[in-house]
Amino acid sequence: MKSIGALQAVVTADEYDRGPTAAELDAIETEMPLIRAEVELLDVRIALLDRAPNELDKRRLRKALHRVLSERAALANRVTDGEAA
């Protein structure tokens, strides 16, 4: 019977097992307004899954969608202006 011993180097933490770098945290912080807007939009959509939307719900959905689009535009403008990479 053949031994099943490890034939490769000892398993150690690789680059994917570490925490985020400072640059990655900065990128997340830059995108946080967009992330919050997308979460808000998702909350609205989840709330409307099991019922027909009334006028207030439709307005809330439009407002959340508008905020996501505004934040995407603002993020794109920051990136093209060189503030974030």
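Because only heavy atoms are used, hydrogens play no part in the values below, and waters and symmetry mates are left out as well, while side chains stay in. Index from 1, following the sequence.
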J.: Say whether Leu41 and Met32 are linked into one hydrophobic cluster, either directly or through other cluster members, by side-chain heavy-atom distances under 4.5 angstrom.
T.: no

J.: With Arg67, which residues qualify under side chain to side chain contact (heavy atoms under 4.5 Å, CB included), at least two apart?
T.: Arg36, Ala37, Glu40, Glu71

J.: What heavy-atom pair brings Pro33 and Thr30 nearest, and what distance separates the two atoms?
T.: CD-O, 3.5 Å

J.: Applying the side-chain contact (heavy atoms from CB on, under 4.5 Å) test to Val44, which of Arg62, Lys63, Arg60 qualifies?
T.: Arg60

J.: So how far is it from Ile35 CD1 to Ile28 CD1, rounded to the nearest 0.5 Å?
T.: 7.0 Å

J.: If I take atom CG from residue Asp26 and atom CD from residue Glu31, how far apart are they, to the nearest 0.5 angstrom?
T.: 11.5 Å

J.: For Pro53, which residues count as a side chain to side chain contact (heavy atoms under 4.5 Å, CB included) partner, sequence neighbours excluded?
T.: Leu48, Asp57, Lys58

J.: List the steps and the verdict of side-chain contact (heavy atoms from CB on, under 4.5 Å) for Leu65 and Leu61.
T.: CA-CA 6 Å; Leu65 183 57; Leu61 182 60; 5.6 Å; no

J.: Using a strict 4.0 Å threshold on nitrogen-to-oxygen distance, state whether Arg72 and Glu38 make a salt bridge.
T.: yes

